[in-house]
Number of protein chains: 2
Amino acid sequence: MITTTSDLAQKLRQAGYKLTGSRLAVIEVLETHPEHLDHNQILAAGKKIYPHLSRATVYRTMELLVELDLFRPLYLSDPTQRFISASGGHHHLVCSKCGAIFEFENCHADQLSRELAEKYNFEIRSHLLEFQGICQNCR
Amino acid sequence: MITTTSDLAQKLRQAGYKLTGSRLAVIEVLETHPEHLDHNQILAAGKKIYPHLSRATVYRTMELLVELDLFRPLYLSDPTQRFISASGGHHHLVCSKCGAIFEFENCHADQLSRELAEKYNFEIRSHLLEFQGICQNCR
DNA sequence: CTAGCTGCAAAGACTTTGCAAAAGT
DNA sequence: ACTTTTGCAAAGTCTTTGCAGCTAG
């Protein structure tokens, strides 16, 4: 019986999944990194915690977390799958040249969100507002 | 000397590229389909116009159009690369279950766009506002 | 104990590239 | 003519899967 204070771990266990070393390593990485990590980054960071961690398990664990609606895949300016927490909004500026990402808050999508939910009879769970352009350094 | 009224074709020629049957087929597909097409869809539609068209040429032509800043890659809810015209805004609702996409207009990002451009010294070229959730049919 | 989980390596899917032939200008 | 472009097939990259052994509960 592994004990942990992790919120994600509790939810995994509640859903009937085992808390293995691999899964706990992945979860710890996700909980300590607010960025949008991809599989490679999760694997690299996870191996520092649990060196035996394999790539296939990272793929399978993230698939599981997405199924449980705890995380959500995100695609920025390339086909790399990244992960963000499943709820709320995500707002960034993406540089088309160098790929740099700047986060911002306070987008005003809530009002629009309600209007669209009604008009399309759509249950909105999260949103993404992305501005593309050229950053300071690349100009 | 191939003649065409196509706007995209003019721009390609002006940039010093040859107007081949393959390229004209790809361009015609893009100009007659407002949706966000992926490579497969462009290939399939292009073959109806120019049956000899190959997959590699579709990849190369789209790469070219992106380089010339005429199109822009877009990633929705999967790693498939799709293409949209390079300017302006794009707004949709994406269903996480079935992948259905609903377009809408009138997002109010212009004001925010100006604020961010100034704050981050960023040259904004286009934006994407995407709401994720569950559509009418999947509920 | 026993079902679920893991790592490995092989298979699969998608994208890119080298090259000789073909085609636009 | 001469260079760019094309189609093909091979190579490359990323993701998924089958399987035998391992582990949490």
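Order of the sequence lines fixes the chain letters, A, B, ..., with proteins taken first and strands second; residue numbering starts at 1 for each chain.
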Considering residues at least two apart in sequence or located in another chain, which fulfil the side chain to side chain contact (heavy atoms under 4.5 Å, CB included) criterion with B:Glu63?
B:Glu67

Rounded to whole Å, please give me the gap between CG in B:Leu12 and C1' in C:dT25.
15 Å

Reading 5' to 3' through nucleotides 5-12 of chain C, protein heavy-atom contacts under 4.0 Å coded B for base, S for sugar-phosphate only, - for none:
SSBB----

No-hydrogen, no-angle side-chain donor-acceptor test under 3.5 Å, B:Gln14 and B:Gln10:
no

Ordered by number, residues from residues 36-46 of chain A within less than 4.0 Å of DNA chain D (heavy atoms) are none

End-to-end bend of the helix from C:dC1-D:dG25 to C:dT25-D:dA1 (five-pair axes, 10° rounding)?
40°

For A:His39, enumerate each residue passing the ring pair (Phe, Tyr, Trp, His ring centres under 6.0 Å) test, keeping only those at least two apart in sequence or located in another chain.
A:Tyr59, A:Phe83

In whole angstroms, how far is the P atom of C:dC14 from the OH atom of A:Tyr75?
13 Å

Between A:Arg72 and A:Ala86 the two heavy atoms that sit nearest each other are NE-O, 3.4 Å

Would you kindly give the CE-to-C1' distance between B:Met62 and C:dT16, to the nearest whole Å?
16 Å

Give the rounded distance in Å between these two atoms: CZ of B:Phe83 and C1' of C:dT15.
11 Å

Side chain to side chain donor-acceptor pair (under 3.5 Å) partners for B:Thr57, two or more places apart
B:Ser54

By side chain to side chain contact (heavy atoms under 4.5 Å, CB included), which residues pair with A:Lys18, not counting sequence neighbours?
A:Thr20, A:Arg23

Whole-Å gap separating P (D:dT4) and CZ (B:Arg13)
17 Å

Residue set satisfying side chain to side chain donor-acceptor pair (under 3.5 Å) with A:Arg60, at least two apart, ordered chain then number -> none

Checking A:His36 now: which residues fulfil ring pair (Phe, Tyr, Trp, His ring centres under 6.0 Å) with it, not counting sequence neighbours?
A:His92

Value in whole Å for how far the C1' atom of D:dG25 lies from CG of A:Leu24:
14 Å

Mind checking what makes ring pair (Phe, Tyr, Trp, His ring centres under 6.0 Å) contact with A:Tyr120, not counting sequence neighbours?
B:Phe102

Which residues satisfy the side chain to side chain contact (heavy atoms under 4.5 Å, CB included) test with A:Lys119, sequence neighbours excluded?
none

Restricting to side chain to side chain donor-acceptor pair (under 3.5 Å), what partner residues turn up for A:Tyr50, sequence neighbours left out?
none

note: B:Asp78, atom CG; C:dC14, atom C1'; distance rounded to Å ~ 12 Å

